[in-house]
Amino acid sequence: MDFLQNLDPTVQFILFSVVKIGVVFGVTMSFVAYSVLVERKVSAWIQDRVGPNRTAPPMAQFVPILGPFLTRLGIFQPMADGLKFLLKEDFTPSYVRKVYFWIAPAIAVIPAFLTLAVIPFGSTLGNPGNKMVIADLDVGILYTFGIVSLGVYGIVLAGYAANSKYPFLGGIRSSAQMISYEIAMGMSVVSVFLLVGDLNLSKVIEYQAHGGWLVFKQPLAFFIFLVAAFAETNRLPFDLPESESELVGGYHTEYSSMKFALFFLGEYANMIASSAMMVTLFFGGWTLPFIGDPASGLLGGLLHIGIFVAKMCAFMVLFIWVRWMFPRFRYDQLMDLGWRRFIPLALANILVTALVVAFVNR
Amino acid sequence: MSTKVVERKPLTAWERSYVPSILGGLGVTWKHFKRTAPFLGNKPITMEYPEQKWVVPEGYRGAPYLVKDQDGATKCVSCQLCEFVCPPKAIRITPPGAEGQPADRANAEKMPLEFEINMLRCIFCGLCQEVCPEEAIFLQKDYSLTGVSREEMVYDKEKLLKLGGTHAGVQKWKHKLEEAAEQETFPVETAAATEATK
Amino acid sequence: MSATATLPAPAAVPPPPPETVTVKVNGKTVQVPKTMPNWQGKPEPTTMLQAARVAGVEIPHYCYHDKLPVAGNCRMCLVECGTPMMGPDRKPVLNEDGTPKIARSVLPYEPGTPRGVIACATPISPGMEIYADSPATHQMREAVLESLLINHPLDCPICDQAGECKLQEYSVEHGQAESRFVEAKVHKPKAVDLGPRIILDDERCILCTRCIRFTKDIVNDDALGIVNRGSYNTISAFPGKAFDNNYTLNTVDLCPVGALTSKDFRFKMRVWFLKETSSVCTSCGTGCNITVGAREGVIHRFEPRSNDAVNGPWMCDSGRLNYKWIGRADRLREVRIGGRRSNWSTALREISGKLSTAPAGSVAIVASARQTNEELYLLKRLATRLGAITDSIVREGEADGLLVSADRNPNSNGVRLTGMAYTEAGIQLPKIAAGIAAGTIRSLIVFGEDVTAHGLDAGLLAKLDLLVVSDVLPNPTTEAATHLLPGAAPVEKRGTLVNTKGRLQKFNKAVEAPGDARPEVEFLQELVEAVAGPIGTATIEGLFNRMTAEIAGFGGVQWAAVGDTGITLSL
Amino acid sequence: MSFSIPAPLEARLDELVTHYPVKRSASLMFLHALQEHFGYLSNEAVEWTATKLGLQPVNVYELVTFYPMFRQEPLGTTHVKVCRTLSCALAGSGELRDLFCKKLGLDSHAHAPQTTPDGKFTVEFVECLAACGSAPVILVNEDLHERVSTSEAEKILVEGGRRSGSVGGSAAKGSANPAGK
């Protein structure tokens, strides 16, 4: 470890950033894979089914007890799925607008990963200067919203490029939905930052470490954020862009193989990012009511990361759970909810918070 | 025609917030999750097909096969009614003709030279069974018929008889022969017929 | 009672006598002729069954047959009837409304009980009312059917008659749904070998005696009788004597049930699968009308088709069984040039090329009296253009005085009419032979005949430059052909024939010709147009109409006028 | 078996034909005469009759099979006819027949007349013999036996066993095998 400490700070920063990016990316990717499995398993159990329980690499059967057990749990299923995505024929219909058709999946997946850059997923690791966030921006939340709003382009482009009516309808729906809910989402967060007084997400966590979780101070803001997060990630009950029963598959109807997988990846990465945001903004990030100080050692740092991941997982399960609980909204209900309920509520919340901050907390 | 107007109670503000419904939904899903998830209840109702076989209900219409009577003789007399009635024309019978092989049971005079069912064409409607005057063809319980070629899926007489097994029942022709043998009116002919039974 | 007189029925039915009788059938008043032709075509008092037919009511019957003497033993045609009541003053008793009062026929010993009469044998009387639909009539039919079915084995699944069985039809129409008979049925001999072509199942027999009357009165071979007594009655020939005249298979058609079955058709195909096509038998000059029963390109049977001007409802066994060669494996099915397989366009191009440049008089054509008029007409056009010498082959046998004609060619008159042979066929053959031997005849066209058996042996044929042969089955002539054109059997094409009595009849296509074989008219037309210029029509109908317009002997008959049973030409 | 008609018989039959306006009407008389002579009606006899009368054999054959008194099989030397109509049946003719059949080794359930293999006896169950007042009745050849008891029946069997053949063509066959009961 010593030679690391003795490195030039710039080199050290670059080295640590690269490692953090690599780790975050790798963990997120496997998270995506296994959240798909969890989604399938949870849905199966909710519906009294078994879920994926067959796929196994050839050697798994030679491991007594554990092999069959893991197989029944479907542990190997994501590997098979991934392999399948890679090996399936990548079919590009002749009538699509090829450039956009090829770019769209990339545009859909990249913003989802970029959002993760500003999430403080732990306190510090090793030395106090080594913060567990890839980019500790002072305008973290603005960055987040800026990036998140790019995600819609991927979907709109996919719908447009496919040159087919179902994807097109999906794309249209998606853009309207995302733009609508982004406003509510952004406004809900304003009140949080009114309280914290800083746009840096690390500062938000710091605030919560001492001032209590913001979910208790801003329950309405949390609720609006939560619902908007569902809408932003195109998850049920707001999956109108996809809605299999009406639009076949929505914007990705014409996609196959790895390009389809990228949309898939994007959706789950978005879920992860949203969960991380909620944990950060409302549930104290890596803190717990009795653990508030940045870690001093390696073990403590890892513990903080663990806490963060655990909270995030809870939100992931919530996402999944909700999918199998609610029917899809009607389009007008969706718009109604966004524009006529949440935006006034969020505005009111800002006003009340501003008044409280101006007169009470002074 | 009378129309019944269903009275719908207007929702209260609490109900309109969706919260009771959401909680209700959570309750329902949790109940099932708890029942099915491993370590909690583990009572899935899914049948795991190749290992667990479905219990075919009474009256199920599976693949049609030819049956033999309790003496092991072909019941079919090649009347071709099934061929006629078959909506997808899956059945193909070759009658024996005048010189064709005699029936392998007494007194029936006739049995098919060849009997083919194209299982790829068959729609398992059961009309063949319904129309059969000899109770010689039955829709049995087989529902997963597989093969690697189209030819393989055309089941011939031997295969159909083997798969069909034995179906006991009134042995109409044998009974007629026995009845005829009891009557002494035409002793020569009946004696010949009796010999034919052996 | 002589069969000779009856079989070839009179060419024209005499017009119905003006005298009519008024009767009521099912309440409908109809005028029926007082006499109608009996089975021999002689006028006899009209029966109730015939009167009902005039009124459009079909009375069910088994033993009655138009062309057989009336026996009246099946009782199926029992109907209730009534006649105008006569008062003691011998004047009709009238109802209150002035209509004549009808006395229903009742049993004499149980007055009031309705009594049926058999419609097939009871002549009508003026004012008679026939109740073919009354409850009493239905009851009688039901009872008769029940009695007929008592000892019937009900083995329809294996019975060849199923599907065209009167017992089945009437049971559905008039019978009871269930049997009340619980005792053991009388079992009779099954599958009795009655003759070389007939199998008898005594259990199915309803003793209508149609077969007995047919063979006795029509064929004059009193070979069948009813033996034994009561329930044990069976149809039988005398022990050791086979029922083997040349008309036995007609009894199979006559038999209303499945008692008499054809050995040839036995267990071959269920009748409901057969596609039926009207055609004409080509086995001899009589030209019996037939129905061809085929399924999926395979011919299963010929059956006579009723035509009083030619064959009545009968035909001979030899003609009926003369279909097996059609499906033979050695049928010619390839176009061959010099023994090598070729195709139609090449062969026809080569032939027409050679014929077009052939000098006049160097071509001979041997036609066949088995060809249709249309084919002969086309050949005649070709012959006229080429200045060819033509002839056809005579084929004679022994006439049997019934239906088999001495002329075994179906279209000898057609050959004469079209001019392909002179008044006497076969006289030009020696000339043709001499011409070939002398080298003046270089090309020979042969249709459907083996000329090696008629004076043109293989050595002579080898001298020819061009030998075009069209045939259906291989023979020495087809072996020697330079151009072999596979033709179609009569059931594989359409056309017309003229029988020995000048009856012009058409026949239809029942099955497709095998392989490359085509109906002769099709390729002859191409050939004739290539050599002798366009004909101006491409259909059989057009060709026929053109032929009858051109050739006086056909009397300008139009195709549409020929109809299903033909038209008689004055020769 | 050679088939020949003695000249006197033929002459008698030829004369018989002249009695009828239609030749066919003589067929029954012919058949009776031939059965009397041969004991039964063989197919040759039927054909001979048909030729004589200008008929087809099947026409005559119909008659032969119709009437029960015409036989197509040779009879035994002793022909026992047991009445089976009501009064005889009530008086025990069934048992009588069973007795005959048992003693002679014949099937007592057969429908048709049955002859022993040695050609000595024929047992037949027949309809009313017109002696109902003295049931049960049996007819042995031409002799009527009334109120037949079991012992009487056995006596008839013994007598029949001794009889040396007087009935028709089967007589020679019957006497060739003298081994009685």
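The sequence lines fix the lettering, A, B, ..., with proteins before strands; numbering per chain opens at 1.
- Around NZ of B:Lys89, the count of heavy atoms belonging to other residues, nucleotides or ligands within 6.0 Å does not exceed 12.
- In this structure, CD on C:Glu296 lies 4.0 Å from CZ on B:Arg92, to the nearest 0.5 angstrom.
- Here B:Glu179 contributes atom CD and C:Lys185 contributes atom NZ; the two are 8.5 Å apart, rounded to the nearest 0.5 Å.
- Atom CG of C:Asp155 sits about 7.0 Å away from atom CD of B:Glu109, to the nearest 0.5 Å.
- Taking CE of C:Met269 as the reference point, atom OG of B:Ser78 lies at 8.0 Å (rounded to 0.5 Å).
- The shortest side-chain heavy-atom distance between B:Ile93 and C:Arg270 does not fall under the 4.5 Å cut-off.
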Practice task
For salt bridge (Lys or Arg N to Asp or Glu O under 4.0 Å), just list the numbers for B:Glu83 and C:Arg295, CA-CA rounded to whole Å, side-chain angles, deciding distance to a tenth of an Å, and then say yes or no.
Solution key: CA-CA 13 Å; B:Glu83 186 179 357; C:Arg295 185 190 184 198; 2.7 Å; yes
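- Counting non-hydrogen atoms of neighbouring residues, nucleotides and ligands closer than 6.0 angstrom, the CD atom of B:Glu51 exceeds 12 such neighbours.
- With a 4.5 Å cut-off on non-hydrogen atoms, B:Gln80 touches chain C through its backbone and its side chain both.
- Counting only distance, with no hydrogens or angles, the side chain of B:Lys110 and the backbone of C:Phe267 share no donor-acceptor pair below 3.5 Å.
- Counted within 6.0 Å of CD on B:Glu135, heavy atoms from surrounding residues, nucleotides or ligands total 12 or fewer; the atom is thus considered open.
- You'll find the side chain of B:Lys172 reaches within 4.5 Å of the side chain of C:Pro157, heavy atoms only.
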